[in-house]
Amino acid sequence: MKKDRPLIFISNDDGYQAKGLNQLIEMLRPIGRLVVLAPDSARSGYSMAMTSDRPVTYKLVRKEEDVEVYSCSGTPVDCVKLAFHALFQDVKPDLVLSGINHGDNASSNVHYSGTMAVVIEGCLKAVPSIGFSSCNVDKNADFSCYESLVCNLCSIVLEKGLPKDVCLNVNFPLSPSSQVKVCKQDWGNWHQEWERCSRRDGSQYFWLSGYYESNEPENEDSDRWALEHGYVAITPVTVDVTAYHFMDDLRNWIEK
C-alpha cells in the first residue's frame, strides 16, 4: 500500500461479505488506504463480547491496490483487537469505521450493537471512530445515496479529530435523506422481548423478538425522533460511562 494517504480500518458485525460493508469500502477508496478485518459470518447483537474459550483466527480473502480484506472467526471486538495486534504493529490507523449496518443502532441499541462495539473499541484505543447504520434491514439494501455524507464526515473527522473519549453513532433513516441532525440518544425501552414457541413434546423455547417504545416521543433532540422524521441522526457517544452528576450525592451517602 502507498503510505501518503490516511490509513482507515473497517469492521462490522454483519460479516465481511455484507453489502453494507462492501459499499462502505467502495465509498472510501478515494479517501484512504483501507484495511478490513470483519467476522466471517453475522455477529449482530454481540456488543463488546470477546472470545476467551477458544482460539481466534483470521485470513486474507481479498487484496487490491490500497484495499486489504480479512475475515475473522471471532466477534466484532475480537476483530479490532486482532487487527491492532497483528496488522497494525508499526502504525496506528487514522480512523476506525464500522458498518454500514443493516438495521439501526439508535437509542438503547447502542449498548447491544456489535457495530458500535467496533467503534467503542476503536475509541478506547485513542483512534477517532465512527459507526454507520441504517433503518433498512434488507440485506440487499443500497446505501450508495449516502456516499457524499459518509465521505464528508470521514474527511472532517480525519482533519479535526474527536475528543479522546468520544465516538460517533450515525444512523440513516429508512428513506434516503440529505437532512442531518445532531442528536442525543433516545430514552426508551424494549417490550415483549421474547416469542414463546412450543415443541411437539410440550417443551418450550424462545426467539428474541419485541418492539422498542420511546419514553420521549416528542423530544426533537433525540435520535429516534430524527429517524422517524426523515433525518440522518448523528449522536456523539462518550466511552467514559462515569455518572459525574451523581458522584457528590454518592459520596454523601457513603460518608453518612
Below 4.5 Å, heavy atoms only, C-beta onward: do [X] and [Y] meet side chain to side chain?
{"X": "Tyr70", "Y": "Val61", "answer": "no"}
{"X": "Ile31", "Y": "Leu158", "answer": "yes"}
{"X": "Leu168", "Y": "Leu153", "answer": "yes"}
{"X": "Pro39", "Y": "Asn12", "answer": "yes"}
{"X": "Leu82", "Y": "Cys72", "answer": "yes"}

Distance (rounded to the nearest 0.5 Å) between [X] [atom1] and [Y] [atom2]:
{"X": "Asn189", "Y": "Tyr211", "atom1": "CG", "atom2": "OH", "value": "10.0 Å"}
{"X": "Gln185", "Y": "Asn109", "atom1": "CD", "atom2": "CG", "value": "9.0 Å"}
{"X": "Tyr58", "Y": "His85", "atom1": "OH", "atom2": "NE2", "value": "8.5 Å"}
{"X": "Ser178", "Y": "Tyr146", "atom1": "OG", "atom2": "OH", "value": "9.0 Å"}
{"X": "Phe172", "Y": "Leu227", "atom1": "CZ", "atom2": "CG", "value": "10.5 Å"}
{"X": "Met48", "Y": "Met116", "atom1": "CE", "atom2": "CE", "value": "10.0 Å"}

For [X] versus [Y], what's the shortest heavy-atom pair and its separation?
{"X": "Asp94", "Y": "Pro6", "value": "OD2-CA, 3.3 Å"}
{"X": "Pro236", "Y": "Ile234", "value": "CD-O, 3.8 Å"}
{"X": "Thr115", "Y": "Ser98", "value": "O-OG, 2.8 Å"}
{"X": "Cys79", "Y": "Ala38", "value": "SG-C, 3.6 Å"}
{"X": "His102", "Y": "Asp14", "value": "N-OD2, 3.2 Å"}
{"X": "Ser177", "Y": "Gly230", "value": "OG-O, 2.5 Å"}

For [X] and [Y], indicate whether the former's side chain and the latter's backbone hold a donor-acceptor pair under 3.5 Å.
{"X": "Ser11", "Y": "Leu37", "answer": "yes"}
{"X": "Arg33", "Y": "Arg5", "answer": "yes"}
{"X": "Asp78", "Y": "Thr75", "answer": "yes"}
{"X": "Asp223", "Y": "Ser107", "answer": "yes"}

For residues 19-29, which side-chain N or O atoms pair as donor and acceptor with protein atoms under 3.5 Å away, sequence neighbours left out?
| residue | atom | partner | partner atom | Å |
| --- | --- | --- | --- | --- |
| Lys19 | NZ | Asn140 | O | 3.0 |
| Asn22 | OD1 | Arg62 | NH1 | 3.2 |
| Asn22 | ND2 | Tyr16 | O | 3.2 |
| Asn22 | ND2 | Ala18 | O | 2.9 |
| Gln23 | OE1 | Phe143 | N | 2.7 |
| Gln23 | NE2 | Asp142 | OD1 | 2.8 |
| Glu26 | OE1 | Arg29 | NE | 3.0 |
| Glu26 | OE2 | Arg29 | NE | 3.1 |
| Glu26 | OE2 | Arg29 | NH2 | 3.4 |
| Arg29 | NH1 | Glu64 | OE1 | 3.4 |
| Arg29 | NH2 | Glu64 | OE1 | 2.3 |

*Please list, chain by chain and in numerical order, all residues satisfying salt bridge (Lys or Arg N to Asp or Glu O under 4.0 Å) with Lys184, sequence neighbours excluded.*
Glu216
Could you state whether [X] and [Y] fall into the same hydrophobic cluster, counting links through intermediate Ile, Leu, Val, Met, Phe, Trp or Tyr residues with side-chain heavy atoms under 4.5 angstrom apart?
{"X": "Phe9", "Y": "Val91", "value": "yes"}
{"X": "Leu162", "Y": "Val232", "value": "yes"}
{"X": "Val239", "Y": "Val96", "value": "no"}
{"X": "Val237", "Y": "Leu95", "value": "no"}
{"X": "Leu60", "Y": "Phe84", "value": "yes"}

Under 3.5 Å, is there a donor-acceptor pair linking the side chains of [X] and [Y]?
{"X": "Ser155", "Y": "Asn152", "value": "no"}
{"X": "Asp240", "Y": "Thr242", "value": "yes"}
{"X": "Asp186", "Y": "Tyr212", "value": "yes"}

_If you count every heavy atom of other residues, nucleotides or ligands that lies below 6.0 Å from Asp201 atom CG, does the total exceed 12?_
yes
_Residue Gln192 excluded, over 12 heavy atoms near CD under 6.0 Å_ = no
*Start with the C-alpha distance between Arg224 and Asp104, add both sets of side-chain angles, then the distance that settles salt bridge (Lys or Arg N to Asp or Glu O under 4.0 Å), and finish with yes or no.*
CA-CA 10 Å; Arg224 185 61 59 187; Asp104 80 83; 3.2 Å; yes
For residues 118-134, which side-chain donor-acceptor pairs fall under 3.5 Å, sequence neighbours excluded?
| residue | atom | partner | partner atom | Å |
| --- | --- | --- | --- | --- |
| Glu121 | OE2 | Lys81 | NZ | 3.0 |
| Ser129 | OG | Cys123 | N | 3.3 |
| Ser129 | OG | Val127 | O | 2.7 |
| Ser133 | OG | Asn105 | ND2 | 2.9 |
| Ser134 | OG | Asn136 | N | 3.0 |

*asked:* For Trp225 and His229, take the angle between the two ring planes, folded into 0 to 90°, and tell me which bin it lands in: parallel under 30, tilted 30 to 60, perpendicular over 60.
replied: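 Rings of Trp225 and His229: parallel, as their planes differ by under 30°.
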